[in-house]
Every structure is written in structure tokens, then in C-alpha cells.
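Okay, so here's the structure we're looking at.
The structure displayed is predicted, hence computed values, not measured ones. Throughout, residue positions are numbered sequentially from 1 according to the sequence presented.
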Amino acid sequence: MATKKSRILFLLAVIICIAAVAGYLLWNKPHKNVKGAAAVEVAAPALYKLFVTDSLKAKNLYTDKILLVSGRVEKISVNQQSQNIILLNTGVEGGYINCTMEGKADGIQERDSISIKGICSGYISGDADMGLPGDVFVTRGYLLK
């Protein structure tokens, strides 16, 4: 009986150690260098259309990848963390490429044509019953002129 308890305790200790090492490695994982990395170039309307029409293909091609998205600025705002949020026009009313900027976004005006380099975090659908389309999200964005 004592051997069974000791085996269970040993197994539990091993599992805890593995979880601790995995947590430590994930916590200290280096960030991607967005600014200096190579990027997949795509136009905002094409990116949005692919996520809406073939989400599986779009996820495989773009999610968690560094993109260089070009498009026309629809709206500029600031979030609670004082980061600029730039919405790129997709040609779909209410559907945008939602870019959270890490770098400076000075001098940008609505209707400007720009390119933003950032990490695509995917598509979040809206509410079809209410007629609200979703957005494609790009994070850690840098403006390229």
C-alpha cells in the first residue's frame, strides 16, 4: 500500500515539475521582431474577403504571421492603453482590418492610403442576425510609408 502512495506522489511531483518548466519557458518566450521581419504582403480588401469566404484557408495563410497590409484609412482612434487603432477599409460596410499600433502613427489622416506591418491575430465574426460584419485583427502594428 505504501508503494502505491509513493508512486502516485512521485508521478504527481513529475507532472508539477513538467508544468512548471513549460510555464517558465512560455513566460520567457521572446517576442517576434515585427519591425525587422519579412512580411506577407496583402491588400486589406483581399485579406478581409478571404477570411469571410474561406476562413480555414485564411487562418492557415495569415493567422499568427507577420503581414504587410495596405489599404485606405477609414477611422483612427485610441484605446485604453493609449495605443492608436487604425481601421482599414475593406469595401464591406462595417467590416474593417482593425490594426492596433505599437509604433507611432503620427500624421495619418482618414482616407490616406497606408501600409501597416503587424501580426495577424485572426477574424472575429460579427452578428449576422443584426447585420454586423466582423473584423480582421492585426496587432503590434508599425506604419510603413
Query - Joint hydrophobic cluster, Ile85 plus Leu144, side-chain heavy atoms closer than 4.5 Å - result: no
Query raised in the report: Is there any side-chain hydrogen bond (donor to acceptor under 3.5 Å, both in side chains) pair reaching into residues 65-76, and which pairs are they, with sequence neighbours excluded?
Result: Glu74-Asn89
In a table with atom names and distances, give each donor-acceptor pair under 3.5 Å that connects a side chain of residues 44-62 to protein atoms at least two apart or in another chain.
from	atom 1	to	atom 2	distance (Å)
Tyr48	OH	Gly134	O	2.9
Thr53	OG1	Lys49	O	2.8
Asp54	OD1	Lys57	N	3.4
Asn60	ND2	Leu56	O	3.3

Query raised in the report: Closest heavy-atom contact between Val34 and Lys117?
Result: O-CD, 3.1 Å
Query raised in the report: Is the backbone N or O of Leu68 less than 3.5 Å from a side-chain atom of Ser115, with the two atoms forming a donor-acceptor pair by type?
Result: no
Query raised in the report: Are Leu87 and Val138 connected, step by step, through hydrophobic side chains (Ile, Leu, Val, Met, Phe, Trp, Tyr) whose heavy atoms are closer than 4.5 Å?
Result: no
Report task. Answer yes if Ile119 and Ile124 sit in the same cluster of Ile, Leu, Val, Met, Phe, Trp and Tyr residues linked by side chain heavy atoms under 4.5 Å apart, and no otherwise. Result -> no
**Report entry** Over all atoms of both residues, closest heavy-atom pair of Asp112 and Gly107
**Finding:** OD2-O, 4.0 Å
Query - Distance (rounded to the nearest 0.5 Å) between Ile8 CD1 and Leu11 CG - result: 8.5 Å
Report summary line: Separation between CG (Asn84) and OG (Ser77), nearest 0.5 Å, reads 8.0 Å
Report summary line: OG1 of Thr139 to CE of Met101, rounded to nearest 0.5 Å, is 11.0 Å
Query - Ile108 reachable from Tyr96 in the ILVMFWY side-chain graph, under 4.5 Å edges - result: no
Query raised in the report: How far does CG of Leu88 sit from CD1 of Ile116, to the nearest 0.5 angstrom?
Result: 4.5 Å
**Report entry** Gln81 atom CD, neighbour heavy-atom count above 12 within 6.0 Å
**Finding:** yes
Query raised in the report: In terms of hydrophobic clustering (I, L, V, M, F, W, Y; side-chain heavy atoms under 4.5 Å; direct or indirect links), are Ile76 and Leu143 co-clustered?
Result: yes
Query raised in the report: In Å and rounded to the nearest 0.5 Å, what is the CG to OG distance from Leu67 to Ser121?
Result: 10.0 Å
Query raised in the report: Any idea which heavy atoms bring Cys120 and Val136 closest together, and the distance?
Result: SG-CG1, 4.1 Å
